[in-house]
> 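The structure under discussion is supplied below as structure tokens; questions concerning it will follow.
Fair warning: this is a prediction, and the values are worked out from it, not measured in the lab. By convention in this document, chain letters (A, B, ...) are assigned in the order of the sequence lines, proteins followed by strands, and residues within each chain are numbered from 1.
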Amino acid sequence: MNYLIMCRSLTNAQRGARILERKGINTRVVKSPRELTGGGCGYALSIYRSPIDAYSILRENNIRTGKLYEKTEDGSYREVIA
Amino acid sequence: MIYLDNAATTLIKPRSVYCAVNNAMMTMASPGRGAHRPAMRAADTVLRCRETASELFNVPEPERVVFTMNATHSLNIAIRSLCQQGTRVVISGYEHNSVLRPLVDIGADITVARSELFDMEGTLEAFSRAIPGSELVVCTHVSNVFGFILPIYEIARLCIENGVPLIVDASQSAGVLDVDYMRLGAAFIAMPGHKSLFGPQGTGVLICGQEGTPLLCGGSGSDSISRHMPDYLPDRLEAGTHNVCGIAGLMAGMEYVLRTGTGEIRRYEGRLRDRFLAGIWDIGEIESFSGRDQTGVVSLRSRKYDCEELAGLLGDRGVCVRSGLHCAPLAHESAGTVDTGTVRFSFSPFTKISDVDQTCRLLRELHS
């Protein structure tokens, strides 16, 4: 399953990715899908497991995150309440 | 050639700087403009440079490190963020025009905390008298003309006690002295990348204690649908494509400073300064300016030659120095040299002892 954690800025996404990697959670910085970025261009962290843990770790490390989404089978995104 | 104009720009850089610039030129695109490999390689370099600066200047969050074109650009953002027409601003008597001219342009109510050259106590007393009732303090850490180290941490403490924001111009201290963001508690710290941080020309840094007002507006690669600049750092103050090649070189330069240590750099430049002063002290027609609290920057003037003439004669003999007012008329007013200007000799970790000795010999020959 693919999850996306929205980030406020590219710098935030990069720092978040490093923190998650250090915690053993593989992640990748990606451009946010347009349907999820009400404000236009943005970046997100793409992860495949432990989304709630990842979200919590980012918050604990003062990474300013947006919403957490799960990619559904039909390709759309559903918000996950973390 | 003997290059002694390092207070303007360091010409000789660590070899890693040239390699980093070249590598960035060939492999990196624009950060924040895509998620493809060349863009992300650039983004990674830019973030690592922010992190390196955070380590060097004790900044808790790399987002507070904003990249600019030079110290003038950084100072303009900082000053225009905190100063409006009529704002009561205190500055030292050693400020560069990159501080003075923006303040005059805005129409600030400027008080100069005047003090004698190399008088730490007098400088602090002048600020003690001037700060109460003011709304902003802008102060250089080191005079670009004389290498005079101002008591910036004590001035910062006075600012905190009086609730007045402080902008520090670290143009001559970044990479040479301890510049500690957390200890200073400054609103902004401005610095160039191309002097003692050994980055290429066209690089600068602004460390932000607050969000600041954008000097330039444009693409940031974030919140693109908004008509306004983002309200978060660093995006808020970094409109347009980054100078990725410059930033890559700046990172390599700062890594060199971290490896070597500012303490060692200051000691070595101090040894060169002392050797230079010892080599010219008995040349009767030369007046040099030195004091206890001084970096590796020495100004002098000659009774035989106009400063421009002397710099020209040295240049003809392969010694590169800077003459005139050094864009800092206030500093020359404070030292009593505004009518003559001075010739400035500024050293770096790449200056050899033999360079200093040869320069002393030439000065002696020219005055024989």
> Which region of A:R28, side chain (C-beta onward) or backbone (N, CA, C, O), has a non-hydrogen atom less than 4.5 Å from a non-hydrogen atom of chain B, or is it both or neither?
neither
> Out of B:L82, B:V66, B:I207, which one pairs with B:F188 under the side-chain contact (heavy atoms from CB on, under 4.5 Å) rule?
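Of B:L82, B:V66, B:I207, side-chain contact (heavy atoms from CB on, under 4.5 Å) with B:F188 is met by B:L82 alone.
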> Does a donor on one side chain sit under 3.5 Å from an acceptor on the other, for B:H228 and B:S226?
no
> Under a 3.5 Å cutoff, is there a donor and acceptor pairing between the side chains of B:D44 and A:Q14?
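Looking only at side-chain atoms, A:Q14 and B:D44 do not form any donor-acceptor pair under 3.5 Å.
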> Quick check on B:R236 against chain A: is it the side chain, the backbone, both or neither that has a heavy atom closer than 4.5 Å?
neither
> If you count heavy-atom pairs under 4.5 Å between each of A:A13, A:S9, A:G42 and chain B, which one has the most?
A:S9
> Between A:S46 and A:N2, do the side chains contain a donor N or O and an acceptor N or O under 3.5 Å apart?
yes
> Side chain, backbone, both or neither: which part of B:P230 has an atom under 4.5 Å from a heavy atom of chain A?
neither
